[in-house]
Engineer: 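Dropping the structure in here first, questions after.
Model, not experiment: these values are computed from the prediction. Below, each value reflects all heavy atoms present in this structure, side chains not excepted, and no hydrogens, waters or symmetry copies.
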Amino acid sequence: MSARAYFFFLEGNMDDAVTALGSVTGVRPDVAWGAAPWFGDARFLGAVGAEALAEAWLRTLDYGHDLDGDEMRERFAPWFHALDVVTGRREAQLGEGSGVSSFRPIREPDL
């Protein structure tokens with residue numbers, strides 16, 4: 001599945017790439033799949049859709065693994081970075097006054 005995610009990236013299909021990586025991360029969260037070089041690549045972060053990234057995040061939870069802990073936070077750091085980039089891009093696209101820029105999570109994740 002991780003190879004499939006990379007092939008999607010190479011084909012320019014960033015939404016399928018991130019959802020495939022979300023699936024494999026959900027199965028094996030003990031592996032830092034998000035550390036793949038392409039996952040932090042500007043081409044990926046500039047093109048992946050917010051909806052696809054949200055779906056990928058949900059897929060990381062599909063198997064009920066305990067994701068709380070320092071090691072998991074470290075493994076998920078690239079995912080948090082992707083979320084920050086895509087959210088920032090989305091806020092810029094929507095513009096001021098949309099209400100999106102004023103949204104902040106109740107608690108910032110501990111990285």
Engineer: Can you list, by chain and residue number, the hydrophobic cluster partners of L58 when the side-chain cut-off is 4.5 Å?
Structural biologist: none

Engineer: Specify whether W38 and Y6 have parallel, tilted or perpendicular ring planes, treating 30° as the upper limit for parallel and 60° as the lower limit for perpendicular.
Structural biologist: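 Rings of W38 and Y6: tilted, 30 to 60°.
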
Engineer: Does R75 use its side chain to pair, donor to acceptor, with the backbone of L67 at less than 3.5 Å?
Structural biologist: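 Not confirmed, R75 side chain does not pair with L67 backbone.
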
Engineer: Using a side-chain heavy atom cutoff under 4.5 Å and only I, L, V, M, F, W and Y, what cluster partners does F8 have?
Structural biologist: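 Hydrophobic cluster check, F8: no partners found.
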
Engineer: Ring-plane angle category for F80 and W57, please: parallel below 30°, perpendicular beyond 60°, tilted otherwise.
Structural biologist: tilted

Engineer: Should L61 and V24 be counted in the same cluster of Ile, Leu, Val, Met, Phe, Trp and Tyr side chains packed under 4.5 Å apart?
Structural biologist: yes

Engineer: Listed by chain and number, what are the salt bridge (Lys or Arg N to Asp or Glu O under 4.0 Å) partners of E74, not counting sequence neighbours?
Structural biologist: none

Engineer: Tell me whether W33 shares a hydrophobic cluster with V27, the cluster being built from Ile, Leu, Val, Met, Phe, Trp, Tyr side chains joined at under 4.5 Å.
Structural biologist: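 Each belongs to a different hydrophobic cluster.
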
Engineer: Rounded to the nearest 0.5 Å, what's the gap from CG on D30 to NE2 on H65? Could you check?
Structural biologist: 7.5 Å

Engineer: Between A82 and F39, what is the shortest heavy-atom contact and its length?
Structural biologist: CB-CE2, 4.1 Å

Engineer: Test salt bridge (charged side-chain N to carboxylate O under 4.0 Å, His left out) on R73 and D70 and set out the steps.
Structural biologist: CA-CA 5 Å; R73 278 188 282 283; D70 292 338; 2.9 Å; yes

Engineer: Minimum heavy-atom separation for W79 to T25, with atom names?
Structural biologist: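 Minimum heavy-atom separation between W79 and T25: CZ2-OG1, 3.7 Å.
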
Engineer: At their closest point, which heavy atom of D15 faces which heavy atom of G49, and how far apart are they?
Structural biologist: OD1-N, 2.7 Å

Engineer: Taking all heavy atoms of M72 and all of P29, pick out the closest pair and write down the distance.
Structural biologist: SD-O, 3.5 Å

Engineer: Apply side-chain contact (heavy atoms from CB on, under 4.5 Å) to the pair D41 and F9, showing each step before the final yes or no.
Structural biologist: CA-CA 10 Å; D41 186 277; F9 166 75; 4.1 Å; yes

Engineer: Atom CG of L45 and atom CG of D84: how far apart are they, to the nearest 0.5 Å?
Structural biologist: 10.5 Å

Engineer: So which heavy atom on G34 is nearest to which on P78, and how close?
Structural biologist: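 That closest heavy-atom pairing would be O-CB, 3.1 Å.
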
Engineer: Check the hydrophobic clustering (I, L, V, M, F, W, Y; side-chain heavy atoms under 4.5 Å; chains of links allowed) and say if F7 and M14 are grouped together.
Structural biologist: yes

